[in-house]
> 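This is the structure, below, for whatever I ask next.
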Amino acid sequence: MATATGGLDDIDEKFLQCPICLKQLQEPKQLTCLHRFCSGCLSKLLQESPGVIECPECREEIAVPENGVAEFKTDFHLKNLIEFIRLKMLLVENKETKECYSCSKREQVSAYCWKCSGFLCKACHQFHRTNKITKDHVPSILDLKDPAIHKLGVVKLSQLVDSPRCLNHPENIMRLCCATCNYDFICVTCVHGDHVGHDTKDIRTMAQVNTTNLKSKITLLREYEDNIYKLRQEVKSVARNTDSFSEKRIGMLKEYHKHQENLLEKIRKDILLNRDNQTNEIDNKHQKSISEL
């Protein structure tokens with residue numbers, strides 16, 4: 001998994017793979033059990049069992065929203081990661097010429113605009129950066145000649161991609177989440193429509209709160225990890241001591257068993273010797289009695 005400061009080249013392919021179709025996720029949707037699948041794959045599952053989807057991963061039964069699969073949360077972060085990886089694959093597949101999104105000419109491209117979702121030739125790249133009409137595109141332009149592109153981290157990527165748009169009002173950016181509706185992402189316009197009177201919260205504020213909570217949980221998990229490591233070492237130590245004790249115990253039992261065998265052998269010999277002595281004594285007495293007669 002890539003870190004916030006590291007590159008994205010070390011992402012495990014399975015992380016971006018849909019468990020249903022086993023292909024790269026397309027429009028990744030997140031169920032309430034937190035597992036992610038292609039929107040299309042979930043739609044096919046819904047046809048088999050209308051109203052309820054059984055998660056293929058954990059088998060939890062998930063109630064489908066009123067408007068279908070489209071209402072499940074889209075994992076925009078994962079979607080952007082997939083888009084970036086797709087972009088890198090396109091760069092590797094064809095390093096010569098590509099169609100410019102702006103002028104439609106096939107030329108050497110020098111940038112990629114995340115707002116336009118397309119490559120830009122050198123001239124259109126310059127136009128994008130200087131023209132007032134596209135000035136809001138500047139933060140979303142990726143310079144393909146920048147050597148750092150191959151070490152692009154998650155933080156930098158999040159700064160490049162366009163902010164998620166509201167599903168009901170695509171012209172608006174999602175800035176709020178509705179706690180009443182299972183923390184659905186919404187825009188300001190939604191507050192005056194379907195979400196009137198609902199408990200809405202600012203996304204950035206929620207992100208800060210969740211980040212703080214996650215950091216404290218990570219710290220706690222690390223403490224647990226340290227304690228588990230110490231416990232494992234103690235268990236290994238006890239196991240070693242137990243093995244040593246067992247070996248000593250087995251040695252003592254073997255010695256005791258050998259001692260008992262020796263003792264039994266001595267008793268057996270004593271009994272045989274005593275028997276022979278008694279037999280000889282009886283024979284002598286018998287012979288004496290015969291001679292006296």
Side-chain angles (χ1 to χ4, degrees), residues 1-2 8-9 11-93 99 101 112-119 137 140 142 152 154 156-178 181-187 189-190 194-195 203 206-207 210:
M1 187 69 62
L8 300 172
D9 291 332
I11 294 179
D12 191 335
E13 290 183 2
K14 291 184 179 180
F15 178 72
L16 305 175
Q17 188 181 78
C18 173
I20 297 177
C21 65
L22 301 180
K23 297 178 181 178
Q24 193 176 74
L25 284 159
Q26 299 291 328
E27 194 64 25
K29 291 291 185 178
Q30 180 175 294
L31 303 182
T32 53
C33 60
L34 303 183
H35 290 119
R36 301 166 179 82
F37 307 92
C38 297
S39 177
C41 292
L42 289 177
S43 296
K44 291 178 182 178
L45 282 181
L46 186 58
Q47 292 176 0
E48 300 173 4
S49 179
V52 176
I53 288 179
E54 185 183 81
C55 175
E57 289 282 85
C58 65
R59 300 302 175 187
E60 180 180 342
E61 289 191 349
I62 310 295
V64 179
E66 184 177 348
N67 294 326
V69 171
E71 280 197 31
F72 282 124
K73 288 185 176 68
T74 299
D75 192 329
F76 291 103
H77 180 67
L78 187 59
K79 184 179 179 181
N80 289 332
L81 286 178
I82 293 171
E83 178 66 16
F84 176 73
I85 291 173
R86 185 188 68 81
L87 168 62
K88 290 188 70 174
M89 290 177 65
L90 288 174
L91 289 172
V92 173
E93 289 171 0
E99 183 178 318
Y101 176 84
Y112 184 86
C113 179
W114 287 90
K115 273 188 176 291
C116 299
S117 295
F119 292 98
H137 290 214
S140 299
L142 179 64
L152 188 64
V154 176
K156 178 62 178 177
L157 177 62
S158 65
Q159 294 170 351
L160 286 169
V161 298
D162 192 17
S163 299
R165 299 282 171 172
C166 178
L167 296 177
N168 298 321
H169 310 96
E171 69 279 6
N172 295 338
I173 294 174
M174 292 180 179
R175 300 188 183 279
L176 305 169
C177 60
C178 181
C181 299
N182 196 29
Y183 290 94
D184 286 344
F185 295 115
I186 60 175
C187 68
T189 305
C190 291
D194 295 336
H195 297 268
I203 288 178
M206 287 294 297
N210 287 333

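Note that these values count all heavy atoms, side chains included, but never hydrogens, waters or copies made by symmetry. Bear in mind that the values here come from a model prediction, so they are computed numbers and not experimental data.
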> Could you give the side-chain donor-acceptor pairs of residues 34-44 under 3.5 Å, partners two or more places apart or in another chain?
from	atom 1	to	atom 2	distance (Å)
Arg36	NE	Asp75	OD2	2.3
Arg36	NH1	Leu34	O	3.4
Arg36	NH2	Gln30	OE1	3.2
Arg36	NH2	Asp75	OD2	3.3
Ser43	OG	Ser39	O	3.1

> For residues 51-59, tabulate all N or O donor-acceptor pairs below 3.5 Å that involve a side-chain atom, not counting sequence neighbours.
from	atom 1	to	atom 2	distance (Å)
Glu54	OE1	Arg59	NH1	3.2

> Return the set of residues passing side-chain hydrogen bond (donor to acceptor under 3.5 Å, both in side chains) with Asn210 (not counting sequence neighbours), or none when no residue passes.
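With sequence neighbours excluded, Asn210 shows a side-chain hydrogen bond (donor to acceptor under 3.5 Å, both in side chains) to no residue whatsoever.
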> So do His169 and Cys190 actually touch side chain to side chain, heavy atoms under 4.5 Å?
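Yes, at least one pair of side-chain atoms sits under 4.5 Å.
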> Can you name the nearest heavy-atom pair linking Leu176 to Cys187, along with the distance?
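That would be CD1-O, 4.2 Å.
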> Can you tell me how far the SG atom of Cys33 sits from the CD atom of Glu60, to the nearest 0.5 Å?
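It is 5.0 Å, given to the nearest 0.5 Å.
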> Mark yes or no for whether Lys23, through its side chain, and Cys18, through its backbone, hold a donor-acceptor pair below 3.5 Å.
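Side chain of Lys23 to backbone of Cys18: no pair is present.
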> Taking side-chain hydrogen bond (donor to acceptor under 3.5 Å, both in side chains) as the test, write out the residues that go with Asn172, two or more places apart.
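With neighbours one apart ignored, the set is Thr189.
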> Specify the closest pair of heavy atoms between Ile203 and Met174, including all atoms of both residues, with the distance to one decimal.
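It is CD1-O, 3.5 Å.
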> Measure the spacing between CG of Leu25 and CD of Gln17 and express it to the nearest 0.5 Å.
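Answer rounded to 0.5 Å: 8.5 Å.
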> Roughly how far apart are Leu45 CG and Ile20 CD1, rounded to 0.5 Å?
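Here the rounded value is 4.0 Å.
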> Below 6.0 angstrom between ring centroids: does that apply to Phe119 and Tyr101?
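No; Tyr101 has its ring centre 6.0 Å or more from that of Phe119.
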> Please list, chain by chain and in numerical order, all residues satisfying side-chain hydrogen bond (donor to acceptor under 3.5 Å, both in side chains) with Glu71, sequence neighbours excluded.
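If we apply the side-chain hydrogen bond (donor to acceptor under 3.5 Å, both in side chains) test to Glu71, skipping adjacent residues, the hits are Asn67.
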> Supply the atom-to-atom distance Lys73 NZ to Asp184 CG, rounded to the nearest 0.5 angstrom.
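Rounded to the nearest 0.5 Å, the NZ-CG separation comes out at 5.0 Å.
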> Can you name the residues that form a side-chain hydrogen bond (donor to acceptor under 3.5 Å, both in side chains) with Lys79, not counting sequence neighbours?
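Once residues adjacent in sequence are excluded, the partners of Lys79 under the side-chain hydrogen bond (donor to acceptor under 3.5 Å, both in side chains) criterion are Glu27.
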